[in-house]
Amino acid sequence: MTAVSHDDEGRVLAAADLVGRTGATGFQFGYLNDDVPVADADWWAHAQYKGARIHVEHHTSPAGACEALARRLLTGARCRCGRLAALSPFGAVAYH
C-alpha cells in the first residue's frame with residue numbers, strides 16, 4: 001500500500017507544519033490494517049510533547065488523520081502573542 005498519495009502529500013505536509021508550530025517534539029502517522037484498500041486501513045496520527053502524546057485514530061486516509069490531529073491541537077489554542085488561533089481554508093490565523 002502506498003502510504004501517501006501524491007494528492008494528499010501537500011495536505012500531510014501542511015498538517016505536519018502546523019503540528020510542529022504547536023511545539024511538538026515528534027509527529028507520526030500510520031495505519032493499523034495491512035493488505036486492505038487505503039480507505040479501510042484505519043489511519044492514525046500523533047504528536048509527541050514533553051511527557052504527553054496527543055493521538056487521533058480511525059480515519060480513512062493519512063491526510064484525514066493528520067488534519068484531524070492539527071485541528072484537535074489548534075482548536076481553542078492561543079498564539080504565542082495571546083490571540084486565539086483559528087483554522088480557515090487559507091491556513092491558521094490568529095484572532096483578537
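Looking at every heavy atom in both residues, His59 comes nearest to Gly64 through ND1-O, 3.9 Å. Scanning all heavy atoms of the two residues, the minimum distance from Ala45 to Ala65 falls at CB-O, 3.7 Å. Of all heavy-atom pairs between Ala24 and Ala47, the closest is CB-CB, 4.1 Å. The minimum heavy-atom distance linking Pro62 with Val38 is given by the pair CD-CG1, 4.3 Å.
Pairs of residues two or more places apart, or lying in two chains, never qualify as salt bridge (Lys or Arg N to Asp or Glu O under 4.0 Å) while including a residue from residues 22-31. Within the structure, salt bridge (Lys or Arg N to Asp or Glu O under 4.0 Å) contacts touching residues 37-56 (residues at least two apart or in different chains) do not occur. Every pair passing salt bridge (Lys or Arg N to Asp or Glu O under 4.0 Å) that includes a residue from residues 19-33 is listed here, sequence neighbours excluded: Asp17-Arg21.
Leu32 shares a hydrophobic cluster with Trp44; the chain of contacts runs through ILVMFWY side chains whose heavy atoms sit under 4.5 Å apart.
Considering only residues two or more places apart in sequence or on other chains, Thr22 meets the side chain to side chain donor-acceptor pair (under 3.5 Å) condition with Tyr49. Qualifying side chain to side chain donor-acceptor pair (under 3.5 Å) partners for Gln28, counting only residues two or more places apart in sequence or in other chains: His46.
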Could you walk me through whether Trp43 and Thr60 pass side-chain contact (heavy atoms from CB on, under 4.5 Å), step by step? CA-CA 6 Å; Trp43 291 89; Thr60 59; 5.7 Å; no
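Here the CZ-OG distance, from Arg11 to Ser61, works out to 5.5 Å after rounding to the nearest 0.5 Å.
A distance-only check finds no donor-acceptor pair linking the side chain of Arg72 to the backbone of Ile54 [under 3.5 Å]. Glu9 places no side-chain N or O within donor-acceptor distance of the main-chain N or O of Leu13, the cut-off being under 3.5 Å.
Side-chain contact between Leu69 and Phe27 is present, with at least one heavy-atom pair separated by less than 4.5 Å. With a 4.5 Å cut-off on side-chain heavy atoms, Leu18 and Leu73 do not count as touching.
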